[in-house]
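Chain letters run A, B, ... following the sequence lines, proteins first and then strands; every chain starts at 1. Note: hydrogens, waters and symmetry copies are ignored here, and every other heavy atom, side chains too, is used. Because the structure is a prediction, the values reported are computed rather than measured.
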There are 2 protein chains.
Amino acid sequence: MRREELLDAAEDLLADQGSSALTLAAVAERAGCSKGGLLYHFSTKEALIKGMVERLIEEFDELVAAQGHDTYTKNYLAATFAAVQSGRLRRWAVVTGASGNLYLLAPLREAMARWHREGLETEPDPAAAQIVRLACEGLWDVASHDPGLYDDGRYAELKRGLLALLPG
Amino acid sequence: MRREELLDAAEDLLADQGSSALTLAAVAERAGCSKGGLLYHFSTKEALIKGMVERLIEEFDELVAAQGHDTYTKNYLAATFAAVQSGRLRRWAVVTGASGNLYLLAPLREAMARWHREGLETEPDPAAAQIVRLACEGLWDVASHDPGLYDDGRYAELKRGLLALLPG
DNA sequence: TTTACTGTACCGGCTGGACGGTTCAGTGGT
DNA sequence: ACCACTGAACCGTCCAGCCGGTACAGTAAA
């Protein structure tokens, strides 16, 4: 399926050249196909961006669900580290791609609202859970702007520190 | 001085219409002046964006310095809450404005790298300080995408919770 | 097993419009 | 006389979306 490769190409472009580099021609070239081929899969530029946003949300939700802990926060924590360390879910790239029109960003904002509320009140220590989730958010942000800040050892240490804040 | 108003207008536009709304004509109109007047102060669009980025960094650094705590992390925490709750420093808007060309974003990335390293190792509990700073980062992010998530009471509670993680 | 047809996937040239940036002759307050 | 603009005209570039075409795989009647 060429669709995924086109989304990857768009994210590549955003990640290493910024949002003004996201033109249909550039995406097509990066993916090794023609503009017409790109427009066959995504009939407008907006559709392409929507595609990136939806994929990001779906994949992260799946990643959270795939963790085997007993609270949403712990799963969220594990998923965040998995996403950030693998570098596969480039959230910042997608956000900047969608930042042109706010309604393209709306699904992501809704998802974020969900990620920071889901199951919060039923957790053993809601205040700690909230802090951990915010730190995860911050980690994602910092890691995309300053990739060299943490190495694997630092990540592991940080993860232990965050888990220690959570009861159980 | 019209300069500040022009920067405000640009941020307004970014905050409530997204980055593609940032055109010279739109900024001028929003600020209530002409395109010529805008170009009198900022001779190119890049200069305007650079202006926003520099102002954001300077104002936040001043805000941190203006707090009276005994560690950088505590000052950073207090400054973040002040910035987020007042809504005056619209970091997200500035970031999206600058996300078109990565070199415009570079000063902000350097500033972030600094904010997450400065004085970290000399603090009483570096691991806790790191978590608190990441949570601040996350708070800034979440607050800009989901402004309704926290009210004043929640902010106060969260701030107490974060301060409690720091020794002293 | 040839022919005719259908749908899918993809190509690439073209154009209309928007936008950044420039210039310049005013204007009004100080 | 100078600063801080105004307002409008203008230009060149860039780019999204359109559209006419191509290649090919499957399929099914004759």
Nearest-angstrom distance from the residue atom CZ of B:F42 to P of D:dC5:
11 Å

When every non-hydrogen atom of A:A98 is compared with those of A:L105, the smallest separation belongs to CB-CD1, 3.6 Å

Taking only the side-chain heavy atoms of A:L24 (C-beta and beyond), determine which of D:dC3, C:dA9, D:dA16 contains the nearest atom.
D:dA16

Taking all non-hydrogen atoms of both residues, which atom of B:E46 and which atom of B:L104 are closest, and how far apart?
O-CD2, 4.2 Å

Taking all non-hydrogen atoms of both residues into account, name the closest pair between B:E11 and B:A93 and its distance.
O-CB, 4.0 Å

Send over the distance from A:K45 NZ to D:dC14 P, rounded to a whole Å.
15 Å

Which nucleotide wins on minimum distance to the side chain of A:Y40, given the candidates D:dC5, D:dG17, C:dA9?
C:dA9

Once you apply a heavy-atom cut-off of 4.0 Å, does B:S43 come out as touching a base, just sugar-phosphate, or nothing?
sugar-phosphate

Does OP1 or OP2 of C:dC10 have a side-chain N or O of A:R2 closer than 4.0 Å?
yes

Under a 4.0 Å heavy-atom cut-off, which of residues 94-101 of chain B touch DNA chain C?
none

Which residue, A:S20 or A:L39, contacts DNA chain D at a nucleotide closer to its 5' end, judged by nearest heavy atom?
A:S20

B:L22 near the nucleic acid: base, sugar-phosphate alone, or nothing, with a heavy-atom cut-off under 4.0 Å?
sugar-phosphate

Going by the angle between their ring planes, with limits at 30° and 60°, are B:F60 and B:W140 parallel, tilted or perpendicular?
tilted

Between B:V84 and B:A143, the two heavy atoms sitting closest are CG1-CB, 3.5 Å

For B:A129 and B:T73, work out which heavy atoms get closest and say how close.
CB-OG1, 3.4 Å

Between C:dC10 and A:H41, is there an OP1 or OP2 to side-chain N/O distance shorter than 4.0 Å?
yes

Check whether any side-chain N or O of A:N101 sits under 3.5 Å from a backbone N or O of A:Y103 as a donor-acceptor pair, and report yes or no.
no

Give me the residues of residues 28-37 of chain A where at least one heavy atom lies under 4.0 Å from an atom of DNA chain C, by number, or none.
A:C33, A:S34, A:K35, A:G36, A:G37

Calculate the interatomic distance between B:L6 atom CG and D:dC5 atom C1'; express it in whole Å.
11 Å

Using whole Å, what does the distance between atom C1' of nucleotide C:dG20 and atom CG of B:L38 come to?
11 Å

Mark yes or no for whether A:S19, through its side chain, and B:S99, through its backbone, hold a donor-acceptor pair below 3.5 Å.
yes

I need the minimum non-hydrogen distance between B:A31 and B:L6, along with the two atoms involved.
CB-CD2, 3.6 Å

